[in-house]
K.L.:
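Got a structure for you, questions after.
All ligand and atom numbering here is 1-based and tracks the order in the structure. All values derive from a computational prediction rather than experimental measurement.
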Amino acid sequence: MIVETQGLTRRFGERIAVADLTFSLDEGQVLGLLGPNGAGKTTTLRMLGGLIAATSGSATVCGHSLGKSDAANTAIRARCGNVPEVPGFYERLSARDNLRFFAGLHRLPDAHRRVDAALDRFALGERRDDRVSTYSKGMKQRLSIARALLHEPQLVLLDEPTAGLDPLATASVHSLIRELKAKGVSLVLCTHSLEEVEALADRVLILDQTVRFSGALAEFCERVEGVVIDMRIDALPDGMNLARQDLSRYVFDYAPEEVPQLIRRLVAAGADISSVTQRRTSLRQRYLDLLGER
Ligand SMILES: Nc1ncnc2c1ncn2[C@@H]1O[C@H](COP(=O)(O)OP(=O)(O)OP(=O)(O)O)[C@@H](O)[C@H]1O
Ligand SMILES: [Mg+2]
């Protein structure tokens, strides 16, 4: 396990930001961290990265106990890459000098070469000597991701990495996440994009101060709600569990194991079937079902 937390809790004065958070994450897995504004997602990422202390509870991150000692926190920071909600660069320094500074904090060998390679990789090479204050939002975000990966972390904590990015830039962040995952890097992806989680995450953690759901993505969305059949048919046989019909699209209430029999009956009744799909609950629907009533 790359992350294992037990009852992690953080208060700010009287306010509880995160209460009793218990979850784990394996090597090479992507955890989608979801929850409404103010749910405690950023606070969770900052605790995991060793940037703020937990009020109570414990966590092991990359094999070290969080907050146990300065040495443990330093080891965690050396293995974690952070893409914070707000990038936080030295605006009056160039992108290159910013990355050189952060490479210096990690005492990276070969820092200059790494920094230039990172700038090229994130298509900032041409603008590397420009002050960060002259960068667009998307450019700052790419620089933030470049910084997070400079020291080749085992765990990458991404706080809304695609917020405000154009579709192409978003797609390139998504392929980067897949690439890191394929290398065995673990990622916590905090986002408000349910599509992003559906496309990239192995596990989901839904937070609303406390954990509302934690488990595999498939487990969260697995409720099957019947079958959708596109077909032409003159008359439907009697006794079919038709839930809904919209022109040539029919939705039946049948369990997956009943579908072959259903199709045989339809074909026997002269149906020209063009497609059959299972209707699964979308992540969006499950999310709204879970948090809608709060
Ligand atoms: N430094 C702080 N001082 C006081 N309260 C804080 C601090 N940081 C966070 N909080 C509080 O903790 C709670 C959780 O905030 P957090 O930023 O973790 O939420 P979030 O899930 O990231 O929200 P969003 O989706 O809006 O980014 C909020 O009530 C917030 O006001
Ligand atoms: Mg946040």
K.L.:
For ligand 1, is there an N or O atom under 3.5 Å from any N or O atom of F12?
P.N.:
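Min N/O separation from ligand 1 is not below 3.5 Å for F12.
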
K.L.:
Please identify which of these residues, T281, L291, V204, meets the side-chain contact (heavy atoms from CB on, under 4.5 Å) condition with R286.
P.N.:
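Of T281, L291, V204, side-chain contact (heavy atoms from CB on, under 4.5 Å) with R286 is met by T281 alone.
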
K.L.:
State whether T43 contributes an N/O/S atom found under 2.8 Å from the Mg ion (ligand 2).
P.N.:
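Within the cut-off used here (under 2.8 Å), T43 places no N, O or S atom near the Mg ion (ligand 2).
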
K.L.:
Applying side-chain contact (heavy atoms from CB on, under 4.5 Å) between L48 and each of N82, V3, L33, report the one that passes.
P.N.:
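Passing option: V3.
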
K.L.:
Pick whichever of L45, N37, D159 has a heavy atom sitting closest to atom 24 (P) of ligand 1.
P.N.:
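When every heavy atom of L45, N37, D159 is considered, N37 comes closest to atom 24 (P) of ligand 1.
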
K.L.:
Is it true that R10 lies under 4.0 Å from ligand 1, counting heavy atoms only?
P.N.:
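No; R10 lies far enough from ligand 1 that no heavy-atom distance drops under 4.0 Å.
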
K.L.:
Does ligand 1 have an atom that lies less than 4.0 angstrom from a heavy atom of E85?
P.N.:
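Per 4.0 Å heavy-atom rule, E85 contacts ligand 1.
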
K.L.:
In terms of residue, atom name and distance, what is the protein heavy atom nearest to atom 29 (O) of ligand 1?
P.N.:
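So the nearest neighbour among protein heavy atoms is R15 CD, 3.3 Å.
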
K.L.:
Which residue and atom name correspond to the protein heavy atom nearest atom 25 (O) of ligand 1, and how close is it?
P.N.:
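Checked against all protein heavy atoms, atom 25 (O) of ligand 1 sits closest to K41 NZ, 2.7 Å.
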
K.L.:
Aromatic rings H106 and H151: how do their planes relate, parallel, tilted or perpendicular, breaks at 30° and 60°?
P.N.:
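Parallel: the ring planes of H106 and H151 meet at under 30°.
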
K.L.:
Distance under 4.0 Å to a non-hydrogen atom of H192: what atoms of ligand 1 satisfy this?
P.N.:
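That gives atoms 25 (O) of ligand 1.
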
K.L.:
Under a 4.0 Å N-O cut-off, is there an ion pair linking R96 with D116?
P.N.:
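Here R96 pairs with D116 in a salt bridge, since their nearest N and O are under 4.0 Å apart.
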
K.L.:
Where is the nearest protein heavy atom to atom 16 (P) of ligand 1: which residue, which atom, and how far?
P.N.:
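It is T43 OG1, 3.6 Å.
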
K.L.:
Which atom name does E85 have for its N/O/S atom nearest to the Mg ion (ligand 2)?
P.N.:
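Going by distance to the Mg ion (ligand 2), the closest N, O or S atom in E85 is OE2.
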
K.L.:
If you measure only the distance, is there a donor-acceptor pair under 3.5 Å linking the side chains of D230 and S275?
P.N.:
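The criterion, which ignores hydrogens and geometry beyond distance, is satisfied for S275 and D230.
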
K.L.:
Counting each atom of ligand 1 from 1 as listed, which ones have a heavy atom of E160 under 4.0 Å away?
P.N.:
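Listed by number with element, the hits are 25 (O), 27 (O).
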
K.L.:
Other residues, nucleotides and ligands only: do more than 12 of their heavy atoms fall within 6.0 Å of CZ on R284?
P.N.:
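No, CZ of R284 has 12 or fewer neighbouring heavy atoms, counting only those of other groups under 6.0 Å.
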
K.L.:
Identify the protein heavy atom lying closest to atom 12 (O) of ligand 1, giving its residue, its atom name and the separation to 0.1 Å.
P.N.:
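Here the nearest protein heavy atom works out to A17 CB, 3.2 Å.
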
K.L.:
Of M231, R244, M240, which meets side-chain contact (heavy atoms from CB on, under 4.5 Å) against Y250?
P.N.:
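Going through the options one by one, the only one that passes is M231.
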
K.L.:
Find out whether the Lys NZ or Arg CZ of R10 is both under 6.0 angstrom from the six-membered ring centre of F12 and within 45° of the ring's axis.
P.N.:
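Pair R10/F12 counts as cation-pi.
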
K.L.:
Just to confirm my output: which protein heavy-atom neighbour is closest to atom 23 (O) of ligand 1, and how far is it?
P.N.:
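Protein heavy atom with the smallest distance to atom 23 (O) of ligand 1: G38 N, 2.8 Å.
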
K.L.:
Mind checking whether G40 has a heavy atom under 4.0 Å from ligand 1?
P.N.:
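Contact present.
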
K.L.:
Which ligand 1 atoms are under 4.0 Å away from a heavy-atom of A39?
P.N.:
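With A39 as reference, the close atoms of ligand 1 come out as 19 (O), 20 (P), 21 (O).
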
K.L.:
Look at atom 22 (O) of ligand 1 and say which protein heavy atom is nearest, naming residue and atom and giving the distance to 0.1 Å.
P.N.:
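That would be T42 OG1, 2.7 Å.
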
K.L.:
Would you check if E219 and F213 make a side-chain contact, meaning some heavy-atom pair closer than 4.5 Å?
P.N.:
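In short, these two side chains touch, coming nearer than 4.5 Å.
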
K.L.:
Are any of the side-chain nitrogens in R114 or E152 under 4.0 Å away from the carboxylate oxygens of its partner?
P.N.:
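Yes.
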
